[in-house]
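The structure under discussion appears below in the form of structure tokens.
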Amino acid sequence: MIAPSVGLPLPRTDGFDKVTGRAAYVDDLRVPGCLHGATIRSTIPHGRLRRIRRDPAFDWSGFTFVTAADIPGQNVIALITDDQPALVDGIIRHAEEPVCLLAHRDRERLLAGLRAVTLECDPLPAALTIREGLARKAKIYGRDNIFKEIRIRKGEVRTAFRGAHRIVEGTFRTGLQEQLYIETNGMIAIPERGGRMSVLGSLQCPYYVHKALKRLLGVGDDRVRVVQTTTGGGFGGKEEYPSMLAAHCALLARKAGKPVKIVYDRLEDLAATTKRHPSVVRHRTAVSREGRLLGMDIDVLMDGGAYLTLSPVVLSRGAIHAAGPYRCENLAIRARAVATNTPPNGAFRGFGAPQTIFAVEMQLNRIARALRIDPVELRRRNVLRPGDSTATGQVLDAGASGPLVLEEAVRRSGWSVRRASFTKRAPPDPERASKAPRKGTASGRIRRGLGLSLFYHGAGFTGIGEVYLDSHASLAVTRDGSVEIHTASTEIGQGMRTTFAQIVGDELGLPPSMVRLAPQDTSLVPNSGPTVASRTCMIVGKILANAAADLRDALVQWAGDSPRRAPGRRATRGPWNPQQFRRLASAWVRKTGPKVFTRKYDRPPGMKWDEKEYRGDAYGAFGWGVNVAEVEVDAETFEIRVPRVDVVLEIGTVVNPLLAQGQAEGGTLQGVGYALTEEVVRKNGRMANAQLTNYIIPTTADTPEFRTTLLSNAYRHGPFGAKGMGELPLDGPGPAIAAAIENALGVSIVELPITPERLAKAIRARPAHE
Amino acid sequence: MLQPRDLRDALRLLVPRNGAPAPVPFAGGTDLMVHLNAGTLRDRRFLNLWGLRELRGIRLHRGSLEIGALTSWTAIRHSARVRRRAPSLEAAAAEIGAIQIQNRGTIGGNIVNASPAGDSLPALAVLEATLILRSVRETREVPFGGFYTGYRRTVRRPDELLTAVRIPLAPIRGARHWFRKIGTRRAQAISKVVAAGLIRRSRTGCIEVVRFALGSVAPTPVRASRTEATLLHQIPNATVVARATAALQRDISPIDDIRSTREYRRHLAGVLLRRFIEESG
């Protein structure tokens with residue numbers, strides 16, 4: 001018998017190869033005869049494409065040239081709605097939109113070829129902001145430029161506002177954010193004999209790419225094969241975009257009859273690929289004298305960009321999380337995703353929730369100030385408890401860990417003492433010029449503040465999404481008696497290779513090292529759904545645990561009352577040691593043929609969801625979190641430092657505490673960047689700062705000290721009680737840091753990122769909020 | 001990429017012939033490679049300076065601190081001579097890029113690249129450095145204040161090579177040096193405003209020598225001469241500082257760009273001037 005590995009901080013199985021440079025990413029693969037491909041993109045945000053002109057004086061020999069006319073199937077990137085073309089056909093709807101493709105054996109020639117193509121366009125008026133999209137400055141989607149509208153209703157909002165002690169209002173904004181995986185998007189398409197197209201690349205969702213290529217090429221399932229290569233990060237940025245890149249590679253490869261590789265450089269990746277949706281969220285809240293939330297009226301707007309892509313689903317998650325983890329019996333949420341002439345926004349860790357959680361947390365702070373109640377106390381009074389229901393009417397069971405994480409964070413961070421010690425000072429005077437310079441004022445210039453955020457995040461697809469996905473996962477027993485995991489779930493740095501092996505190993509009573517992972521190749525593995533939505537460990541891990549139980553039972557049954565079976569062993573564990581299992585399993589396969597155990601997603605009993613009314617059980621489980629952020633703000637330069645963030649997360653059973661801590665810290669740091677520095681600057685719809693020198697993510701020097709606490713409130717339907725956690729950490733830092741800055745300076749923060757420039761302006765405009 | 005044997009060879013290779021333009025001197029490549037990668041570099045011929053050992057080194061020479069143009073930021077930030085005689089330059093060196101960039105990036109490259117945001121340039125401005133330019137025809141000395149003629153434009157001719165930077169030490173003996181960079185983050189950042197100062201006060205507190213310069217606030221690095229004039233021979237007090245801050249706003253002409261705003265830069269410049277006076281008091 002082997003000791004269980006779930007709960008142990010095992011190092012990542014893929015870690016060593018990655019840090020030693022042994023891991024081969026897509027650009028490291030050597031494919032004989034491979035051509036380099038490149039994309040010619042629009043430079044205007046909206047217009048009619050009149051002509052693609054190739055310089056007749058240029059030597060075009062050896063080039064492959066692809067336009068929309070070369071597409072054998074449909075010119076769409078199949079995802080939710082068929083509105084996005086693979087290549088522009090007539091109308092350009094955003095800057096950086098792919099228009100045509102070039103490939104050549106020699107990279108320098110290819111670059112010269114790019115310069116010899118000009119696009120002749122007639123520009124049209126462009127809608128570049130949510131406001132312009134709503135005002136229909138340009139016609140982009142449908143009649144009103146609304147990709148999707150969602151309404152969530154509960155109770156009687158109008159009555160609640162009539163009986164309110166106070167009505168508090170606020171409008172909050174967030175900007176674009178780039179996922180910034182270390183490895184840029186890259187793909188190789190290889191045309192094979194018999195007409196099959198193989199595509200290898202950096203991606204999160206092999207079957208999304210598979211689906212898109214079938215439609216584009218007009219072929220059946222077995223004519224397309226998609227393989228994930230070692231992937232240097234995704235964060236949602238490789239959820240839908242790889243379908244576009246794979247389409248381009250496949251079109252070039254098909255026409256050239258040769259393999260074609262495209263690897264974006266950072267500039268192209270930043271300028272052209274998806275980002276987090278910008279948002280404007282308006283809150284009106286009716287509160288009682290004691291600070292109870294009597295009614296909430298919330299309006300959510302998100303900028304979807306020029307095509308629908310995943311915007312309805314991002315909007316949905318944003319809307320469901322818009323009321324935060326708070327009890328309110330009367331609410332109305334209206335959420336709209338708006339079309340603009342900008343590159344489509346897409347999936348990014350958090351998926352709409354960081355935007356609306358920022359807004360609701362800042363609104364709670366505003367209410368606390370209006371009623372002169374401590375922000376922790378206000379949350380204590382309103383946090384969802386077991387038996388309460390969420391915005392969609394989902395009644396929470398004992399898994400409602402809001403009070404638990406809140407009290408734990410207050411205690412561990414020393415909230416009361418520290419908050420009191422950051423004594424309030426007069427708001428800074430940026431025009432201190434007239435005052436005499438004093439010696440030793442440095443310490444006086446630094447204002448410190450403490451801020452808190454409380455948040456939750458639903459794990460897995462929303463509502464009946466998981467049922468539609470119908471995910472399958474398999475375990476195979478190999479002839480040498482080891483176990484192989486067959487899923488399309490991808491390792492993108494989150495550690496699924498390790499956690500899957502731990503889960504399956506524990507279910508079988510084997511060490512994780514005896515569990516292997518089959519390649520993420522659509523010709524070999526079943527569709528276990530996309531690697532998104534904090535679902536891999538919780539949903540696919542559970543399917544695998546079930547398959548492992550089947551395997552174990554079948555093997556035990558085949559072996560009969562095996563002589564090696566020791567009495568008194570727990571029935572849930574294998575009655576074997578690893579050597580015995582290997583011998584037994586090997587004999588089993590050799591004598592009775594290949595063994596594959598496939599399970600599919602089982603919906604937890606009792607879950608109900610009404611997609612039309614947006615009512616019911618939105619998620620199987622929620623992860624819960626609190627961030628307590630400390631900031632130091634220079635009251636004259638408005639430089640902001642975050643010396644410490646306390647992170648308390650409740651994520652069910654912690655399968656691997658080392659990986660979970662990595663997820664917690666990495667997600668929180670990504671949230672620090674979102675809060676303070678990450679800003680996409682656009683000029684006429686094009687990104688003007690598409691370089692890492694000017695798109696500012698935190699460095700190690702900007703990284704706070706993290707004090708992370710992981711709490712476990714086991715989820716009955718997760719593997720060994722685990723819940724999803726990948727996205728949760730990114731929901732909290734924005735509002736916690738903003739609240740800390742409010743505390744430090746006495747200004748009202750309504751927008752992310754909080755740059756020194758914005759802060760200076762806010763202080764000039766309105767010295768104090770009270 | 002042309003590979004010169006020595007400095008004389010390098011100068012010869014810089015002479016334009018047969019109508020072809022002079023090759024672009026390539027030192028650490030930390031600026032040129034960025035442009036090459038972004039596809040914005042037009043030049044195709046380069047002169048590799050990396051092997052020219054005679055262009056490296058930090059020495060005292062006839063009352064000046066002389067720094068070879070090819071000296072890396074790593075060498076400068078770890079030089080005891082620089083720390084003692086030109087501490088603002090040492091502070092600037094420590095703020096440039098990452099360790100890898102400091103290993104490759106050179107003082108000459110930073111000067112010739114002529115970015116208004118160059119971190120070392122305000123320090124060199126207040127140190128009143130002299131730049132040594134050599135060609136096969138002549139060697140000339142150009143005062144730092146006369147080197148830049150406009151946005152990314154300098155008086156260097158294509159056949160000239162910046163070989164050394166000379167900092168005269170006598171005029172700044174006993175002065176206090178000051179440097180501050182405000183970037184987009186705490187490390188590996190390009191400056192929003194960068195400033196260097198140098199001040200010497202009499203026993204009575206009267207300012208005897210004052211120099212103040214800034215980067216990222218105009219098309220070129222700026223020596224704040226109007227500001228200096230209001231401070232000279234004064235004992236700093238509220239009125240003096242207010243007058244200096246007002247003068248500073250006439251010395252600079254910042255713009256909105258992808259890193260910051262005109263308004264914030266004007267505000268920061270004023271804050272930095274006040275801190276310079278306070279902290280070197």
Side-chain angles (χ1 to χ4, degrees), chain A residues 108 111-112 114-115 265-268 271 428 430-442 445 634-642 672-673 676-683 687-703 755-761 763-764, chain B residues 30-31 34-40 44 95 97-98 101 115 117 180-193 235-246 248-249 256-281:
Chain A
E108 288 295 316
L111 296 177
L114 285 177
R115 288 190 291 269
D265 63 10
R266 184 64 69 184
L267 199 153
E268 185 171 18
E431 305 294 351
R432 207 171 49 92
S434 58
K435 291 176 195 158
R438 280 171 297 131
K439 271 188 141 182
T441 49
R445 290 192 295 242
D634 185 313
E636 291 172 0
T637 65
F638 306 106
E639 291 166 286
I640 302 158
R641 222 170 70 79
V642 186
V672 172
L676 296 179
T677 56
E678 294 188 40
E679 185 162 33
V680 172
V681 182
R682 284 209 178 120
K683 284 182 186 151
M687 186 166 174
N689 59 334
Q691 295 161 298
L692 293 188
T693 39
N694 292 318
Y695 181 80
I696 305 298
I697 60 165
T699 65
T700 309
D702 303 282
T703 302
T755 58
E757 286 80 357
R758 284 219 179 92
L759 206 48
K761 222 171 169 181
I763 284 174
R764 269 162 211 264
Chain B
T30 56
D31 285 304
V34 173
H35 294 291
L36 190 72
N37 209 28
T40 50
R44 280 287 169 270
E95 290 272 353
I101 297 294
S115 159
R180 179 75 206 273
K181 167 179 169 177
I182 297 198
T184 49
R185 64 185 153 209
R186 293 179 69 78
Q188 301 192 35
I190 298 180
S191 59
K192 291 178 179 179
V193 174
I235 297 172
N237 59 28
T239 322
V240 169
V241 172
R243 215 183 300 136
T245 314
L248 178 66
Q249 297 304 327
D256 288 342
D257 67 9
I258 54 177
R259 280 185 284 277
S260 192
T261 62
R262 174 180 172 276
E263 188 191 6
Y264 178 69
R265 285 183 160 122
R266 283 202 176 276
H267 167 72
L268 271 190
V271 171
L272 292 184
L273 174 64
R274 287 198 301 275
R275 289 197 179 173
F276 161 58
I277 298 166
E278 284 171 24
E279 291 166 14
S280 8

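Lettering of chains follows the sequences in order, A, B, ..., and the numbering in each one begins at 1.
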**Q.** Proximal component of A:Ile640, with respect to chain B [non-hydrogen, under 4.5 Å]
**A.** neither
Q) Given a strict heavy-atom distance threshold of 4.5 Å, which part of A:Ile696 is in contact with chain B: side chain, backbone, both, or neither? A) both
Q.
If the threshold is 4.0 Å, N to carboxylate O, is there a salt bridge linking A:Arg758 and A:Glu679?
A. yes
Q: Using non-hydrogen atoms and a 4.5 Å limit, figure out which bit of A:Asp265 sits close to chain B: side chain, backbone, both or neither.
A: side chain
Q. Ion pair present between B:Arg180 and A:Glu636, side-chain N to carboxylate O less than 4.0 angstrom?
A. no
(Q) Heavy-atom cut-off 4.5 Å, strictly under: side chain, backbone, both or neither for B:Val193 against chain A? (A) neither
**Q.** Heavy-atom proximity to chain B below 4.5 Å, by part of A:Thr637
**A.** both
(Q) Closer than 4.0 angstrom, basic N to acidic O: yes or no for A:Glu639 and B:Lys181? (A) no
Q | Test item: side-chain donor near acceptor, A:Glu757 and B:Thr261, under 3.5 Å | A | no
Q | Region of B:Asn37 that comes under 4.5 Å of a non-hydrogen atom in chain A | A | backbone
Q) Which answer fits B:Arg262, side chain, backbone, both or neither, if we ask what part of it has an atom under 4.5 Å from a heavy atom of chain A? A) neither
Q. Is it the case that A:Arg266 and A:Gln691 place a side-chain donor and acceptor less than 3.5 Å from each other?
A. no
